[in-house]
Amino acid sequence: MSCTDCRPLPREFYLQDTVRAARSILGKVLVHRTEDGVLSGRIVEAEAYTSNDPSCHACKGMTKRNAPMFGPPGHAYVYFTYGMYHCFNAVTAPEGVGEAVLIRAVEPLEGIDLMIRNRGTDVLTNLASGPGKLCMAFGLGREQNTLDLTGSDLMIVDDGFVPGEIVTSTRIGIRLAADYPWRFYLRGNPHVSRK
DNA sequence: ACATCGATCTACT
DNA sequence: GTAGATCGATGTA
């Protein structure tokens, strides 16, 4: 399956309620066209971050870092964290409202050799099973921040795949609002960051 | 200016 | 299970 067979998710997809978007983005395919080849993977885990959510980067207003979250929906928000990792989000909600869906894990599809090189491991279930790993595998960093996911070298497309059972859980790695059930993943999928 | 800490990952015990 | 890596963004002074 090549990305040219698929359509990017339309802008309206990113305008639905952010928690619903986090759930319904599961099964879609993240595609990154790079100079070294096309990388793609099926999204198997995601989390919602909303404007009134204490753990959301944007909850206290716009800053230099979180500005992309307040931009138009359907764009990328890539941020640097822990001094060495990046995390990739799809911006949701109308322009001016800071919300996004954190893509936490994908199941590698195309460009697996390149992902193996980028990650320094050949264990398939360890290539993109976490937000930092995913960005390393896909070569996502500052350059991809704010890219338009509905039509650029970085896209999220629908290839017609219908997910099976979706598990709901609390989000990972946050202190505030730790009880919000805003993490979603595909039951039994070996590429998620945690069961 | 300075101190704190993070939507993480790896290696080690 | 726990510690260490590593640094930019952010808040406080």
Side-chain angles (χ1 to χ4, degrees), chain A residues 14 17-26 28 30 41 43-71 73-93 97-108 115-147 149 154 156 166-186 189-195:
Chain A
Y14 302 96
D17 172 84
T18 295
V19 177
R20 280 207 352 187
R23 170 180 253 276
S24 54
I25 208 165
L26 297 181
K28 305 300 189 286
L30 175 65
I43 297 169
V44 299
E45 178 180 347
E47 291 176 354
Y49 288 86
T50 71
S51 54
N52 56 355
D53 161 15
S55 69
C56 176
H57 287 172
C59 70
K60 291 188 172 155
M62 184 157 60
T63 64
K64 189 171 184 178
R65 178 174 72 155
N66 68 24
M69 294 183 77
F70 292 85
H75 286 246
Y77 167 46
V78 182
Y79 68 90
F80 183 66
T81 191
Y82 290 106
M84 60 186 96
Y85 298 109
H86 293 273
C87 293
F88 165 70
N89 297 251
V91 173
T92 55
V97 180
E99 310 203 345
V101 170
L102 171 69
I103 309 301
R104 287 192 53 90
V106 308
E107 173 175 348
M115 293 186 203
I116 288 172
R117 258 179 284 154
N118 288 343
R119 287 275 298 124
T121 174
D122 60 1
V123 180
L124 293 185
T125 53
N126 196 30
L127 286 180
S129 52
K133 299 180 192 177
L134 183 161
C135 284
M136 205 179 306
F138 275 67
L140 301 180
R142 293 186 132 55
E143 306 75 33
Q144 284 70 39
N145 197 18
T146 74
L147 284 184
L149 300 173
L154 185 61
I156 296 178
I166 293 172
V167 182
T168 302
S169 83
T170 53
R171 295 173 293 178
I172 293 176
I174 55 171
R175 323 183 344 254
L176 304 171
D179 58 329
Y180 289 21
W182 286 358
R183 171 176 177 251
F184 305 97
Y185 64 92
L186 299 186
N189 191 288
H191 302 276
V192 300
S193 65
R194 298 194 206 174
K195 310 283 176 190

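All chains are named by letter (A, B, ...) in the order of the sequence lines, taking the proteins before the strands, and each is independently numbered beginning at 1.
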| said: Once pairs are restricted to Watson-Crick or G-U wobble with both distances under 3.5 Å, how does DNA chain C read as a dot-bracket string, [ ] for crossings and | for other-strand pairs? | reply: |||||.||||||.
| remark: Note: for A:Arg142 and A:Tyr82 on DNA chain C, the residue whose nearest nucleotide lies more 5' is A:Tyr82
| query | Within 45° of the six-membered ring axis of A:Tyr185 and under 6.0 Å from that ring's centre, is NZ or CZ of A:Arg194 located there? | reply | no
| remark: Against the side chain of A:Tyr85, the closest entry in B:dT8, C:dA5, B:dA7 is B:dT8
| said: Quick check against the 3.5 Å criterion: does A:Asp17 have a side-chain atom that pairs as donor or acceptor with the backbone of A:Arg20? | reply: yes
| Considering the options A:Ser169, A:Ser193, A:Ser129, which one meets the side chain to side chain donor-acceptor pair (under 3.5 Å) requirement together with A:Glu45? | A:Ser193
| request: Measure the distance from CG on A:Leu127 to P on B:dT10 and round it to the nearest whole Å. | output: 11 Å
| request: Between A:Arg175 and A:Asn126, name the one whose nearest nucleotide on DNA chain B is closer to the 5' end. | output: A:Arg175
| said: Using the P atom as the point on both nucleotides, what is the distance between C:dT6 and B:dC2, in whole Å? | reply: 23 Å
| message | By nearest atom, which of the nucleotides B:dA7, B:dC9, C:dT10 is closest to the A:Ile174 side chain? | response | B:dA7
| Is it the case that more than 12 heavy atoms not belonging to A:Lys60 sit under 6.0 Å from its NZ atom? | no
| task | Look at the side-chain N and O atoms of A:Thr63 and state whether any lies under 4.0 Å from the OP1 or OP2 oxygen of C:dA9. | result | no
| request: Verify the stacking flag for A:Tyr49 against B:dA7: centroid separation must be under 5.5 angstrom and the ring planes must differ by under 30 degrees. | output: yes
| field | Value in whole Å for how far the P atom of B:dC5 lies from CZ of A:Phe80 | value | 18 Å
| query | So which nucleotide from C:dT10, C:dT6, B:dG6 ends up closest to the side chain of A:Met84? | reply | C:dT6
| Side-chain donor-acceptor pair under 3.5 Å between A:Glu99 and A:Ser51, yes or no? | yes
| Quick one: is A:Arg65 getting a side-chain N or O under 4.0 Å of the C:dG11 phosphate, OP1 or OP2? | no
| field | d(CZ, A:Phe184; C1', B:dA7) in whole Å | value | 15 Å
| query | Can you check the A:Phe88 CZ to B:dA7 C1' distance for me, whole Å? | reply | 14 Å
